[in-house]
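Letters go in sequence order (proteins before strands), and every chain restarts at 1.
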Protein chains: 2
Amino acid sequence: MTNGKKRILAVDDEEDILEILAFNLTGEGYEVDTCISAEEALRKNLSGYDLFLLDVMMGPISGFRLAEKIRKELALTTPVIFLTARDSENDRITGFNLGADDYLAKPFSIRELSARVKAILRRSSPEQVTIETVAGDFTVDTADKLIFSEGKPIELTRKEYEILALFICNAGKIFSRNDILSKVWGDEVIVTDRTVDVTIARIRKKMGEKGNMIKNKSGYGYYFGD
Amino acid sequence: MTNGKKRILAVDDEEDILEILAFNLTGEGYEVDTCISAEEALRKNLSGYDLFLLDVMMGPISGFRLAEKIRKELALTTPVIFLTARDSENDRITGFNLGADDYLAKPFSIRELSARVKAILRRSSPEQVTIETVAGDFTVDTADKLIFSEGKPIELTRKEYEILALFICNAGKIFSRNDILSKVWGDEVIVTDRTVDVTIARIRKKMGEKGNMIKNKSGYGYYFGD
DNA sequence: TTGGTTTGTAACATATTTGTAACAATTTTG
DNA sequence: CAAAATTGTTACAAATATGTTACAAACCAA
């Protein structure tokens, strides 16, 4: 997990379905890989995923058998959602015995898909309430997205908060503009690297006197601290 | 407007049983929801119920395990009655450790059922009159599902009540639209996240001058208080 | 059923945040 | 010490996010 995004592997023998899944879930902020068969999936490193979406009916190895292999041979507890047109009692029972966390009957609506995915992922990773404190009387509250200076919150927008939190939690470490761009903006978004400068100027202003805690090392980047 | 009816959630993998439960308890003046599996129940917002009726033997997640999740993961103290054909000493112990408030062995008579339910709800009611008070003269009465501002009740619908109660009981904590959706609507309901905005607008309006106690932090979500 | 209430959606109006470009100030380098 | 490169600052434009309204759909009690 490079950027905090949840990784999903979708396995289905229909190219169309894979495209729909990938397109929509990527849009929801997930990182989506796809496989056209169970065999292809088994050649991958499956331990890096947070969720599997498996078609039940495909090729020689069904979604059920793939799930079984994942659970038993690879000993993974990663949640699984089965995609299926079938809805008989028999199928459900087979699926649940294999530890299916949910079912999605085709055809499914995009909303239903993303709701189920969201629900499963949330359940498997409870929210964390971290409170980190750093020198210079700065406190970062990652739950409420607040940064305090001497006990008083600084009014920051989202990007501003993300940058300052990054700095404070890594005080002293120098971040190049590209580091900041990829960590705060993500890798898909393309903005001028001067945007970073402007955003930092805005943070400094909101920090008042303490604004000079954000330093610049010419030619390298920005960092926080003395 | 929220009515004062007690809400019961019945979970059993037999459709027939669910119908019997729903029909009879509704007739007794309760509001009854049903789920055909523990998985389905877990996708709901479970904090809004006053009693759970759980079948012990079902699917991959038994009633015992469901109760465990309710107690531990969701941190709810809502009373639980187990429905079971089994009656061994072993089962009883497991159930009571999980905080079972009663047992009902299948087949059970309707009279027995409603007597047990009434007894449990009466017993748990007094303690359920949780009254939490927060700054700004707001009081939440979780038993009657009422919220008072300066002693006077605000006329809220169910969703409105749930959101405002969530906010007041967690004053200062920021909730994203997704947080609110999954806590108030549950994970099985699929609605646009803008629905949250509209509902909050409605709450604010009903709160009158105090409406601005519900704040928004752009890009993050809503919270109550300063 | 019926009519009233609640809830969900879409469309539009505002407000806030973010991105860019231009230019000023500073630092680095030869 | 200049010239070049880098960084700081400002004002404005574009993109996002939120507030609000009206109406449709779902729900519920009689």
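Counting only heavy atoms from C-beta outward, the side chains of B/Leu83 and B/Leu21 approach each other to under 4.5 Å. Looking at B/Ile180 and B/Trp185, their side chains come closer than 4.5 Å, going by heavy atoms from C-beta outward. A heavy-atom distance below 4.5 Å is found between the side chains of A/Thr78 and A/Phe52. Contact of the B/Thr192 side chain with the B/Thr195 side chain is registered, since non-hydrogen atoms from C-beta on lie closer than 4.5 Å. Inter-residue side-chain proximity for B/Leu51 and B/Lys6 is flagged as unmet; no heavy-atom pair is nearer than 4.5 Å.
Side chain to side chain, B/Tyr222 and B/Asp197 meet the donor-acceptor criterion of an N or O pair below 3.5 Å. Side-chain contact check for B/Asp33 and B/Tyr49: at least one donor-acceptor pair (N or O, by modelled atom type) lies under 3.5 Å.
Evaluation of the side-chain contact (heavy atoms from CB on, under 4.5 Å) rule for B/Glu160 yields B/Leu156, B/Thr157, B/Thr199, B/Arg202, B/Ile203, B/Lys206 as partners, not counting sequence neighbours.
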Polar atom pairs (N or O), protein with nucleotides 18-20 of chain C, under 3.5 Å:
unit_1	atom_1	unit_2	atom_2	d
C/dT18	OP1	A/Lys159	N	3.1
C/dT18	OP2	A/Thr157	OG1	2.2
C/dG19	OP1	A/Trp185	NE1	2.6
C/dG19	OP2	A/Trp185	NE1	2.9
C/dG19	N7	A/Arg202	NH1	3.4
C/dG19	O6	A/Arg202	NH2	2.4
C/dT20	OP2	A/Thr192	N	2.8
C/dT20	OP2	A/Thr192	OG1	2.9
C/dT20	OP2	A/Thr195	OG1	3.0

Polar atom pairs (N or O), protein with nucleotides 28-30 of chain C, under 3.5 Å:
none

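Taking for each of A/Tyr220 and A/Lys205 the nucleotide of DNA chain D with the nearest heavy atom, the 5'-most of the two is the partner of A/Tyr220. Comparing A/Asn216 and B/Ile200 by the nucleotide of DNA chain D whose heavy atom lies nearest to each, the residue mapping closer to the 5' end is A/Asn216.
Each of B/Phe175, B/Phe224, B/Phe138 was checked for a ring pair (Phe, Tyr, Trp, His ring centres under 6.0 Å) with B/Phe167, and the lone residue meeting it is B/Phe175.
Computed from coordinates, the A/Glu155 CD to C/dT16 P distance equals 12 Å when rounded to whole Å. Spacing between atom CD1 of A/Ile163 and atom P of C/dT17 amounts to 15 Å, rounded to whole angstrom units. One atom, OH of B/Tyr161, and another, P of C/dT7, lie 14 Å apart when rounded to the nearest Å. The distance between atom CG of B/Asn178 and atom P of D/dA17, rounded to the nearest whole Å, is 13 Å.
The residue A/Lys215 sits apart from the nucleic acid: no heavy atom pair falls under 4.0 Å. Residue B/Tyr222 is in sugar-phosphate contact alone, with no base atom involved, counting any heavy-atom pair closer than 4.0 Å across all strands shown.
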